[in-house]
A.B. asks: 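One structure follows; several queries about it will come next.
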Amino acid sequence: MARGIQQVFSVSKSLEDSLYCITDQTRPSVAIGLQGTLRDDVQRRGHSLFLYNGNWRPLGFIKGYTLRRPMFQKWSGDLIQAKVDYLFVDKWHQRSGIGGALLRAYENYCREHGVGAIILQRVPTIQALRFYSRHGYVNIAGNYMMGKILNSNTR
């Protein structure tokens, strides 16, 4: 795993507040929803959360989960699929490689847990579309769905 990245299993109030601040910089409406569900998602529902740590607080994070059934079998066959819920980087640290490091950490985690494909729903901005395209994600179902096959041998 990349230096500075850690997987989180327990979400504290101070961490919730830090991640809210990161998200609120670019997507205020998403920040409110994230803060309301973050602890429950990670601690009770088994969602994966990775942080990129800075000196005083996280500089970015990614959260996702493994789907019980493939969402798009037509695209990936019977591969186990995971989904990315959120990927945000502090606005002062964007374009520094943090987002790519977080995405690679999540992809590696998925591979280690038998996931063969990752999907994204509602890629919200042109910047996000370009970011994911650079990391090997392709359009799979219209303008707002993207995916990446991690390993076609994973079942």
Side-chain angles (χ1 to χ4, degrees), residues 1-68 71 76 79-138 140 144-151 154:
M1 199 169 302
R3 189 170 169 251
I5 295 179
Q6 77 174 89
Q7 186 175 0
V8 175
F9 297 99
S10 180
V11 179
S12 66
K13 179 68 175 135
S14 62
L15 179 59
E16 269 185 55
D17 292 343
S18 293
L19 300 190
Y20 174 88
C21 290
I22 293 170
T23 309
D24 192 48
Q25 294 170 1
T26 54
R27 309 273 300 168
S29 60
V30 173
I32 293 165
L34 172 74
Q35 194 172 29
T37 64
L38 186 64
R39 189 175 308 170
D40 184 54
D41 282 351
V42 173
Q43 290 170 205
R44 293 187 194 97
R45 297 185 190 174
H47 291 221
S48 302
L49 175 65
F50 293 89
L51 301 179
Y52 191 99
N53 291 313
N55 290 333
W56 306 108
R57 66 181 181 90
L59 300 179
F61 69 97
I62 187 169
K63 181 175 86 71
Y65 64 97
T66 301
L67 299 170
R68 291 192 177 122
M71 232 180 188
S76 67
L79 294 176
I80 297 170
Q81 294 177 353
K83 184 172 180 265
V84 172
D85 283 334
Y86 301 109
L87 170 59
F88 283 95
V89 175
D90 184 282
K91 71 178 177 181
W92 304 109
H93 294 88
Q94 291 178 358
R95 297 195 169 293
S96 66
I98 292 173
L102 285 164
L103 189 57
R104 283 188 300 278
Y106 183 67
E107 289 173 356
N108 290 336
Y109 168 84
C110 287
R111 282 185 192 99
E112 291 168 7
H113 289 84
V115 173
I118 296 178
I119 60 168
L120 311 163
Q121 285 183 285
R122 298 181 304 270
V123 178
T125 64
I126 297 296
Q127 180 184 3
L129 181 66
R130 289 181 185 144
F131 169 81
Y132 286 112
S133 294
R134 279 195 317 269
H135 288 89
Y137 288 78
V138 297
I140 58 172
Y144 296 104
M145 298 296 258
M146 297 183 83
K148 180 177 181 178
I149 302 290
L150 299 177
N151 181 354
T154 304

A.B. asks: If every non-hydrogen atom of Ser76 is compared with every non-hydrogen atom of Gln81, which pair is closest and at what distance?
C.D. replies: OG-NE2, 2.6 Å

A.B. asks: Does any non-hydrogen side-chain atom of His93 lie less than 4.5 Å from one of Tyr52?
C.D. replies: no

A.B. asks: Please report the interatomic distance CG(Asp85) to CG(Leu49), rounded to the nearest 0.5 Å.
C.D. replies: 10.5 Å

A.B. asks: Could you tell me whether the side chain of Thr66 reaches within less than 4.5 Å of the side chain of His113, counting heavy atoms only?
C.D. replies: no

A.B. asks: Any chance you could measure His47, atom NE2, to Ile62, atom CD1, to the nearest 0.5 Å?
C.D. replies: 13.5 Å

A.B. asks: Measuring from atom CD1 of Ile22 to atom CG of Leu59, what distance do you get when rounded to the nearest 0.5 angstrom?
C.D. replies: 7.0 Å

A.B. asks: Ignoring hydrogens and angles, state whether a donor on the side chain of Ser48 or Tyr109 is under 3.5 Å from an acceptor on the partner side chain.
C.D. replies: yes

A.B. asks: Compare all side-chain heavy atoms of Ile118 with those of Leu103 and state whether any distance is below 4.5 angstrom.
C.D. replies: no

A.B. asks: Are the side chain of Gln94 and the backbone N or O of Val89 linked by a donor-acceptor pair below 3.5 Å?
C.D. replies: yes

A.B. asks: So Val84 and Tyr132, side chain to side chain contact (heavy atoms under 4.5 Å, CB included) or not? Walk me through it.
C.D. replies: CA-CA 11 Å; Val84 172; Tyr132 286 112; 4.1 Å; yes

A.B. asks: Side-chain contact test, heavy atoms from C-beta onward, threshold under 4.5 Å: evaluate it for Tyr137 versus Leu120 and give yes or no.
C.D. replies: yes

A.B. asks: Look only at the side chain of Lys148 and the backbone of His135, and say whether a donor-acceptor pair between them is shorter than 3.5 Å.
C.D. replies: yes

A.B. asks: For a quick test of reading the model, state the closest non-hydrogen atom pair linking Ile98 to Gly60 and the distance between them.
C.D. replies: CG2-CA, 4.4 Å

A.B. asks: How many angstroms lie between atom CZ of Arg57 and atom CG of Leu51, to the nearest 0.5 angstrom?
C.D. replies: 11.5 Å

A.B. asks: Could you tell me whether the side chain of Gln25 and the main chain of Lys91 form a donor-acceptor pair under 3.5 Å?
C.D. replies: yes

A.B. asks: Closest heavy-atom contact between Tyr106 and Ala82?
C.D. replies: OH-CB, 3.6 Å

A.B. asks: Can you name the closest pair of heavy atoms from Ile140 and Gly147 and give their distance?
C.D. replies: CG2-N, 3.9 Å

A.B. asks: Considering residues, nucleotides and ligands other than Gln43, do more than 12 of their heavy atoms fall under 6.0 Å from its CD?
C.D. replies: yes

A.B. asks: Grab the two heavy atoms, one from Gly116 and one from Leu79, that are nearest each other, plus how far apart they are.
C.D. replies: O-CD1, 3.7 Å

A.B. asks: Grab the two heavy atoms, one from Ala117 and one from Ile149, that are nearest each other, plus how far apart they are.
C.D. replies: CB-CD1, 4.1 Å

A.B. asks: Looking at NZ of Lys13 and CG of Leu38, how far apart are the two atoms once the value is rounded to the nearest 0.5 Å?
C.D. replies: 10.5 Å

A.B. asks: Please tell me if the side chains of Leu34 and Phe61 come closer than 4.5 Å, counting only heavy atoms from C-beta onward.
C.D. replies: yes

A.B. asks: Is there side-chain contact between Met146 and Ser133, with at least one heavy-atom pair below 4.5 Å?
C.D. replies: yes

A.B. asks: What distance do Ile80 atom CD1 and Arg68 atom CZ have between them, rounded to the nearest 0.5 Å?
C.D. replies: 13.5 Å

A.B. asks: Should Thr37 and Arg45 count as side-chain neighbours, where that means a heavy-atom distance under 4.5 Å?
C.D. replies: no

A.B. asks: Are Val11 and Leu19 packed together at the side-chain level, in the sense that at least one heavy-atom pair is separated by less than 4.5 angstrom?
C.D. replies: no

